[in-house]
Amino acid sequence: MPPTRTPVTAASDVSGGHRGFHGWRIVAVFAVTQTAGYGCLYYAFAVLLHPIAADLHTSTAAVTGALTTALLASAAMAMPVGRWLDRHGGRVLMTAGSAAGALLLAAWSQVQALWQLYAVFAALGAAMAMALYEPATAVIVAWFDPARRARALLGMIVVAGFASTIFMPLTGLLEHRYGWRGTLLVLAALYAAVTVPLHAIVIRRPSQGAATRRSTSATRRAEVRAAVRDARFWCLAVAFVAHGAAMSAMTVHLVGFLVTVGHPATFAATVAGLLGVLSVTGRLLLTAARRRFRIHVVVAGIFVVQAAAAISLPFIGGTRLGAVVAVTGFGIGFGVASLATPSLLADRYGTTAYASIAGTLNTPVTLAKAGAPLGAAALYTLTGSYPPVLVAIGIGSLAAAAGILARAASPAPPPAVNSAGVVA
């Protein structure tokens, strides 16, 4: 008889009350540290892009390639990070990632050549994989049972969704006063002061019984093998790869489209800025709707709305009202994947090997996010207009909806066992 999954949940712990309290402390810490992390390590880049390019005497496209390098490095780290989290928990990993991120922000401030910038960003991508959403999500998944997991994840993600709102204006003010190099040093000090002590002091693994500790390693390997042999896992991979590519391409090319149809650059940037606020709205909508409907149905419905918005944008985006309506429709799903992915994976495959399975999924998703803007730019160059790009984004959203729905109702296969009854 196949062994049953033994997810680590609050309900299984005899000290559930204390565990639940500390779990919410972790959520509160992550709400702060993920806001600081995305603000300092990710969103600051967009604000500093042009000053860096001017100072290094290179193009903005060449500097943007450094961010692509960071995303590629993050993708390469996804699976090793997942395995570490399942085996050892998040304290050491996330504390080290935060410390490395702060040091690399300081190193970024000292680059004198483009190759140095790329080298720093390759290392920065690894630090981001160790300290941002993916490991934080894995820690929360391990601490909370299914009844409270979505609310805990939402508590972190909603607050961190305002990282761009807080840190992009702050970075702009700092750059105006101190220049881009001084700004990065300030952000490095801020990031280190906020994240390193909080991760080191508050993060810890939930307690487990002795039997659970003995069986975890074998069970984890079996869970990962069962997941990657499951057709439903690859349907989810198709869904989130397509969705990640669509989100990334829209983020990079939305302003360009709006400017080409005659909108002022300030209006285009303001409308594009709605995506961050709407990502919070979409997450709240998903959390409310899943109380009445199955999560895969809600997520697929949101992806279809995004597809309709992207495909309609060339037709209605020439007016201000049309642009706002289309961007609102697309933005509703902008942050849904970060909340849907852990819920779908944990519900289908348990939490014993959640981080390893999520890391396996995150690798192609991150690669898609890195490559999609380049593919969209190539399509724009080939066709000479943005409508084909927007239609491609809409098709990607439809493919994501189809992937979410595919085989959603079929049961997950049990972990394999050998003839001796041992987990294989």
Side-chain angles (χ1 to χ4, degrees), residues 38 41-50 52-53 58-76 78 114 117-118 121-122 124-125 128-129 132-133 163-164 168 238-261 265 268-269 271-276 278-279 303 306-307 309-311 313-314 317 326-327 330-331 333-338 362-400:
Y38 275 94
L41 302 181
Y42 187 79
Y43 289 113
F45 179 86
V47 180
L48 302 178
L49 172 61
H50 287 278
I52 292 172
T58 189
S59 67
T60 55
V63 174
T64 301
L67 184 60
T68 301
T69 301
L71 292 174
L72 294 174
S74 179
L114 189 62
L117 182 69
Y118 274 65
F121 267 73
L124 191 61
M128 291 163 70
L132 295 185
Y133 267 158
S164 60
M168 291 183 80
V238 168
F240 288 118
V241 165
H243 188 256
M247 298 305 98
S248 182
M250 182 66 87
T251 300
V252 172
H253 293 284
L254 177 59
V255 171
F257 164 75
L258 293 173
V259 171
T260 60
V261 296
V271 171
L274 290 174
L275 294 175
L278 289 166
S279 70
F303 288 173
Q306 287 189 288
I311 293 172
L313 197 52
V327 171
F330 193 85
F334 208 72
V336 162
S338 60
N362 190 54
T363 298
V365 172
T366 306
L367 290 173
K369 290 179 179 178
L374 301 176
L379 181 58
Y380 173 76
T381 301
L382 180 66
T383 62
S385 64
Y386 275 109
V389 174
L390 294 168
V391 169
I393 290 172
I395 292 172
S397 298
L398 288 175

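We number each residue from 1, following the sequence as shown. Here the structure is a predicted model, which means the values were calculated and not measured.
- Side-chain contact check for T68 versus F121: every heavy-atom pair is 4.5 Å or farther apart.
- When side chains are defined from C-beta on, F45 counts as touching V63, because their heavy atoms get closer than 4.5 Å.
- Remark: the backbone N or O of A75 is not paired with any side-chain donor or acceptor of T366 at under 3.5 angstrom.
- The nearest pair of heavy atoms linking I311 to G394 is CG1-CA, 3.9 Å.
- Scored by the side chain to side chain contact (heavy atoms under 4.5 Å, CB included) test, P364 finds V241 as partners (sequence neighbours excluded).
- The side chain to side chain contact (heavy atoms under 4.5 Å, CB included) check on A307 picks up S397, L398, with sequence neighbours excluded.
- Shown here is Y42, whose OH atom has no more than 12 heavy atoms of other residues, nucleotides or ligands within 6.0 Å.
- Partners of S279 according to the side chain to side chain donor-acceptor pair (under 3.5 Å) rule, which considers only residues two or more places apart in sequence or in another chain, do not exist here.
- Aromatic pair H243/F303: centroids less than 6.0 angstrom apart.
- Side-chain atoms of S248 do not come within 3.5 Å of backbone N or O of G244 as any donor-acceptor pair.
- The main-chain N or O of A70 is never found under 3.5 Å from a side-chain atom of S74 such that the two would form a donor-acceptor pair.
- Qualifying ring pair (Phe, Tyr, Trp, His ring centres under 6.0 Å) partners for F257, counting only residues two or more places apart in sequence or in other chains: none.
- Smallest separation of non-hydrogen atoms from A245 and A372: O-CB, 3.3 Å.
- With sequence neighbours excluded, no residue forms a side chain to side chain donor-acceptor pair (under 3.5 Å) with T363.
- Of all heavy-atom pairs between L379 and P388, the closest is CD2-O, 3.6 Å.
- Taking the ring pair (Phe, Tyr, Trp, His ring centres under 6.0 Å) definition, one finds that Y133 meets it with Y38, sequence neighbours left out.
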